[in-house]
Amino acid sequence: DRLASDEHWRKVAERVRIHHMPVEQLPVDQPYDAIVSGLPLNNFPVAAVRSILEHLQKLAGKDATLSFFEYVGVRRVKSLIAGGDERERLKGITETLGRVCADSQFKQECVLLNVPPAWVHHLRFS
């Protein structure tokens, strides 16, 4: 609605696309300059996290930025109270995100005013 009714949003409406579907279904033939993801990666199986991140990388054009967030300390707290299988899943997500961020992250921000506080990761794939 804001893209149609708000004067500030109308200025960019032609360049904005909102997709409501599994990210892996997005076609990779037209790369994106910026991707903002609100997917709750900590809730998915490790294989799904890998698949999503790999597909997002394919969707990113040259010098594109992928930004996503996660709540501060969620995996750590969950790992402390989780059983063995869940603890292993969370460990796999930590390792997967760690590898991707080590390879491609150029900025990380902590947003303390968010409730709960969140890390925002900004990646650029070469």
Side-chain angles (χ1 to χ4, degrees):
D1 289 343
R2 289 181 84 182
L3 290 168
S5 63
D6 184 301
E7 69 176 271
H8 299 290
W9 287 74
R10 277 197 313 261
K11 293 176 187 176
V12 297
E14 290 181 10
R15 300 181 305 179
V16 174
R17 299 293 177 267
I18 299 172
H19 302 281
H20 185 71
M21 66 177 66
V23 69
E24 296 94 337
Q25 291 180 4
L26 290 169
V28 297
D29 59 335
Q30 293 184 2
Y32 291 84
D33 296 325
I35 301 170
V36 178
S37 174
L39 292 172
L41 297 175
N42 287 321
N43 295 342
F44 298 142
V46 177
V49 173
R50 284 189 196 118
S51 175
I52 289 167
L53 292 172
E54 287 170 5
H55 199 74
L56 289 174
Q57 186 170 357
K58 291 175 188 174
L59 291 169
K62 182 174 173 29
D63 296 324
T65 298
L66 163 63
S67 298
F68 71 94
F69 73 93
E70 61 177 326
Y71 298 122
V72 173
V74 166
R75 276 194 312 278
R76 184 173 296 152
V77 170
K78 280 186 171 182
S79 292
L80 293 173
I81 60 175
D85 289 344
E86 176 68 357
R87 192 174 298 123
E88 284 301 310
R89 184 186 72 79
L90 293 167
K91 181 181 174 187
I93 291 171
T94 297
E95 291 170 355
T96 299
L97 292 176
R99 277 192 299 273
V100 170
C101 288
D103 291 342
S104 304
Q105 184 169 272
F106 67 90
K107 185 177 181 182
Q108 178 180 348
E109 301 171 90
C110 186
V111 183
L112 295 174
L113 294 177
N114 194 69
V115 178
W119 287 112
V120 182
H121 302 275
H122 302 283
L123 312 178
R124 191 164 290 132
F125 304 109
S126 49

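In this structure, NZ in Lys107 is found 14.5 Å from SG in Cys101, a value given to the nearest 0.5 Å. The distance from the CD atom of Glu7 to the CZ atom of Arg2 is 11.5 Å, given to the nearest 0.5 Å. Atom CG of Leu123 and atom CZ of Phe106 lie 8.0 Å apart (nearest 0.5 Å). Here CZ of Phe68 is found 12.0 Å from CD1 of Ile35. Values are rounded to the nearest 0.5 Å. Atom CG of Leu53 and atom CG of Leu97 lie 6.0 Å apart (nearest 0.5 Å).
Pairing each heavy atom of Asn114 with each of Ala118, the nearest pair is ND2-CB, 3.8 Å. Closest non-hydrogen pair, Gly61 versus Pro31, comes out as CA-CB, 3.4 Å. The two residues Leu41 and Val49 make their nearest non-hydrogen contact at O-CG2, 3.4 Å. Taking each heavy atom of Leu3 and Arg10 in turn, the nearest pair found is O-CG, 3.2 Å.
Using a 4.5 Å cut-off between side-chain heavy atoms of Ile, Leu, Val, Met, Phe, Trp and Tyr, with links allowed through other members, Leu66 and Leu39 fall into the same hydrophobic cluster. No continuous path of ILVMFWY side-chain contacts below 4.5 Å connects Phe44 to Tyr71, so the two sit in separate hydrophobic clusters. Ile52 and Val36 end up in different hydrophobic clusters when Ile, Leu, Val, Met, Phe, Trp and Tyr side chains are linked at under 4.5 Å. In this structure, Val77 is not a member of the same hydrophobic cluster as Leu90, with clusters built from ILVMFWY side-chain heavy atoms closer than 4.5 Å.
Taking Arg89 as the reference, Val46, Glu86, Ile93 meet the side-chain contact (heavy atoms from CB on, under 4.5 Å) condition, with sequence neighbours excluded. A search for side chain to side chain donor-acceptor pair (under 3.5 Å) contacts involving Thr65 returns Arg124, not counting sequence neighbours. With sequence neighbours excluded, the residues that form a side chain to side chain donor-acceptor pair (under 3.5 Å) with Ser67 are His122. Judged as a side-chain contact (heavy atoms from CB on, under 4.5 Å), and not counting sequence neighbours, the contacts of Gln57 are Phe125.
Taking the six-membered ring where the residue is Trp, His121 and Trp119 present tilted rings, their angle falling between 30° and 60°.
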Using atom types as modelled, flag every donor-acceptor pair under 3.5 Å from a side chain in residues 18-29 to any protein atom, sequence neighbours excluded.
| from | atom 1 | to | atom 2 | distance (Å) |
| --- | --- | --- | --- | --- |
| His19 | NE2 | Tyr32 | OH | 3.0 |
| Glu24 | OE2 | Ser51 | OG | 3.4 |

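Sequence neighbours left out, the pairs with a member in residues 53-80 that pass salt bridge (charged side-chain N to carboxylate O under 4.0 Å, His left out) are Glu70-Arg75.
Enclosure of atom CG in Asp33 is not indicated, since only 12 or fewer non-hydrogen atoms of other residues, nucleotides or ligands lie within 6.0 angstrom. At most 12 heavy atoms of other shown residues, nucleotides or ligands fall within 6.0 angstrom of atom CG in Leu113.
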